[in-house]
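When a ligand or atom number is given, it counts from 1 through the structure's own listing order. Start at 1 with the first residue, then count along the sequence.
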Amino acid sequence: MFAKTSIFDIIILGVIMENIYGYTLEMLEEYLASIGEKKFKANQLYDWLYKKRVNSFDDMTNVGKATIQKLKEHFSLEKIEIVTKETGKDVSKYLFNLHDNNKIEAVLMYHDYGTSLCVSSQVGCNMSCSFCESGRLKKVRNLEAYEMVQELLLIEKYENVRISHIVLMGIGEPFDNYDNVMRFIDIINEDKGIGIGARHITVSTCGIVPKIEEFSKNKKQVNLAISLHASNDELRKKLMPIAKAYSLDELMSAIKKYLANDGRRVTFEYIMLKDVNDKEENALELAKLLKGMNAYVNLIPYNETSHIEYKKSSKDTIMKFYDTLKKNNINVTIRKEFGGTVSAACGQLRSNYKEGK
Ligand code: SAH
């Protein structure tokens with residue numbers, strides 16, 4: 001299976017060029033076989049692209065001149081561009097310009113255990129969660145796999161760092177761009193290339209049930225996080241339009257199937273919104289909902305943004321909520337706050353940066 005042609009492939013002299021960074025190892029093998037070349041050359045290409053990180057086919061000295069010529073006719077090595085970098089404590093936010101001049105952001109975070117990159121998966125987002133800044137610009141388009149791969153490659157180079165963890169929690173809904181996101185994961189997970197372990201990769205979704213079902217069949221050892229944010233349907237519908245499409249019952253049964261299939265613990269993200277979802281009764285209801293599941297709750301202190309009315313719950317309220325969950329045998333953590341000073345925190349990323357408002 002080769003990558004299907006998209007409007008982002010470059011057309012030169014009537015020949016469609018595909019970006020090579022969007023090809024999994026298997027796709028490259030198939031492509032090489034289709035042009036009468038040896039499949040193993042895909043390993044060499046991965047080595048040049050992702051271990052040695054060269055930027056030109058001419059530097060790939062062991063691949064053979066004739067093969068290189070054919071590759072040059074089919075593939076582009078073009079990169080997206082870094083426009084700006086803003087730095088806060090333990091965090092850097094990058095703004096990228098894409099080939100069609102759309103903009104996206106990615107955030108690098110330094111932790112004790114390594115570095116994690118928060119990757120965007122779409123330009124804009126259609127999920128319209130009421131608390132989230134990233135959804136203020138409606139989806140313009142999906143990101144191609146190569147664009148997500150390049151978010152990582154460019155930041156590693158710029159920052160001279162190796163990224164150990166990937167979270168798909170930037171702009172966009174990863175399960176609304178399922179195929180490209182899965183391909184991106186295959187590419188960065190490949191040992192012969194970047195080699196980020198599946199257990200170091202987390203996909204976060206607002207809860208698109210059919211895609212959770214598809215994901216649970218696909219047997220990747222990647223972590224799944226669910227943006228839950230409410231303990232009942234009524235409240236969830238007010239916060240997240242996706243809850244009108246899929247009830248909590250449907251969501252929970254898809255997650256239970258996923259757990260039965262895979263066994264990897266699921267994370268439930270729960271933003272703490274002052275006087276909205278942070279009461280004792282919400283904690284009790286949440287505990288009941290998650291009882292007995294191989295899951296844990298990540299409480300997220302809300303990052304306030306200038307356009308949205310919600311306020312952050314107080315530290316005290318968050319601690320009480322935490323204690324109630326603990327007492328009811330729910331595994332729970334409170335997310336470390338990152339990036340607030342440079343608007344790089346969850347829900348503060350935007351793609352309509354030009355408005356600057
Ligand atoms: N669309 C995906 C991934 C992007 S958001 C999803 O919904 O999971 C990553 C996480 O940040 C989600 O849990 C999201 O709900 C949360 N988030 C959004 N806005 C936020 C804000 N202002 N403060 C804190 N977390 C926020």
Side-chain angles (χ1 to χ4, degrees), residues 91 93 104-107 109 116-139 142-143 148 151 165-178 180-181 184-185 201-209 211-212 215 222-230 235-236 238-243 245-246 251 254-255 266-274 276-278 286 295-313 318 321 333-351:
V91 66
K93 179 170 74 166
I104 51 153
E105 293 177 327
V107 177
M109 289 163 280
S116 69
L117 183 67
C118 178
V119 171
S120 289
S121 58
Q122 298 180 313
V123 179
C125 181
N126 274 348
M127 298 301 124
S128 302
C129 298
S130 61
F131 45 79
C132 181
E133 183 80 11
S134 305
R136 287 179 60 232
L137 177 70
K138 290 294 137 251
K139 177 170 98 179
N142 287 328
L143 291 192
M148 293 181 260
E151 289 178 50
H165 292 69
I166 293 287
V167 292
L168 279 140
M169 295 187 186
I171 302 163
E173 165 52 45
F175 280 2
D176 185 36
N177 183 15
Y178 188 84
N180 289 341
V181 165
F184 161 67
I185 290 172
I201 303 172
T202 302
V203 189
S204 177
T205 177
C206 63
I208 301 181
V209 166
K211 293 297 171 192
I212 296 172
F215 185 70
V222 168
N223 304 305
L224 178 65
I226 305 285
S227 292
L228 191 64
H229 308 322
L235 184 55
R236 198 159 188 268
K238 281 189 198 146
L239 300 176
M240 307 170 73
I242 192 72
Y246 307 107
L251 179 60
I255 295 166
V266 169
T267 306
F268 287 98
E269 295 159 278
Y270 193 99
I271 299 180
M272 296 295 292
L273 300 165
K274 186 174 190 301
V276 176
N277 64 355
D278 63 352
L286 184 61
Y296 84 95
V297 177
N298 194 203
L299 296 178
I300 311 177
Y302 180 60
N303 298 307
E304 294 175 11
T305 82
S306 49
H307 298 91
I308 302 173
E309 294 291 290
Y310 296 116
K311 293 279 170 256
K312 178 199 274 208
S313 307
I318 297 177
F321 203 93
T333 53
I334 300 175
R335 184 176 288 177
K336 183 177 168 206
E337 291 178 73
F338 258 109
T341 50
V342 287
S343 290
C346 301
Q348 294 183 324
L349 301 186
R350 291 176 304 140
S351 28

Novice: Any side-chain donor paired with an acceptor under 3.5 Å for Thr333 and Asn298?
Specialist: yes
Novice: So which of His229, Met127, Lys312, Glu269 gets nearest to atom 14 (C) of ligand 1, if we judge by its closest heavy atom?
Specialist: His229
Novice: For ligand 1, note which part of Ile308 has a heavy atom under 4.0 Å away: side chain, backbone, both or neither.
Specialist: neither
Novice: Has Gly170 got any heavy atom lying under 4.0 angstrom from an atom of ligand 1?
Specialist: yes
Novice: Looking only at distance, does Arg335 have an N or O less than 3.5 Å from an N or O of ligand 1?
Specialist: no
Novice: Using only atom types and a distance under 3.5 Å, with no angle test, would you say the side chain of Tyr310 pairs donor to acceptor with the backbone of Ser130?
Specialist: no
Novice: For the 3.5 Å polar cut-off, considering only N or O atoms, please tell me whether Thr305 and ligand 1 meet it.
Specialist: no
Novice: Any N or O of Glu133 that comes nearer than 3.5 Å to an N or O of ligand 1?
Specialist: no
Novice: Taking N or O atoms only and a 3.5 Å limit, does Gly172 qualify as a polar contact for ligand 1?
Specialist: yes
Novice: With a heavy-atom distance limit of 4.0 Å, tell me whether Asn303 approaches ligand 1 through its side chain, its backbone, both, or neither.
Specialist: both
Novice: For a quick check under 3.5 Å, do Glu173 and Asn126 share a side-chain donor-acceptor pair by atom type?
Specialist: no
Novice: Check Lys312 with Glu304, please: is the shortest side-chain N to carboxylate O separation under 4.0 Å?
Specialist: no
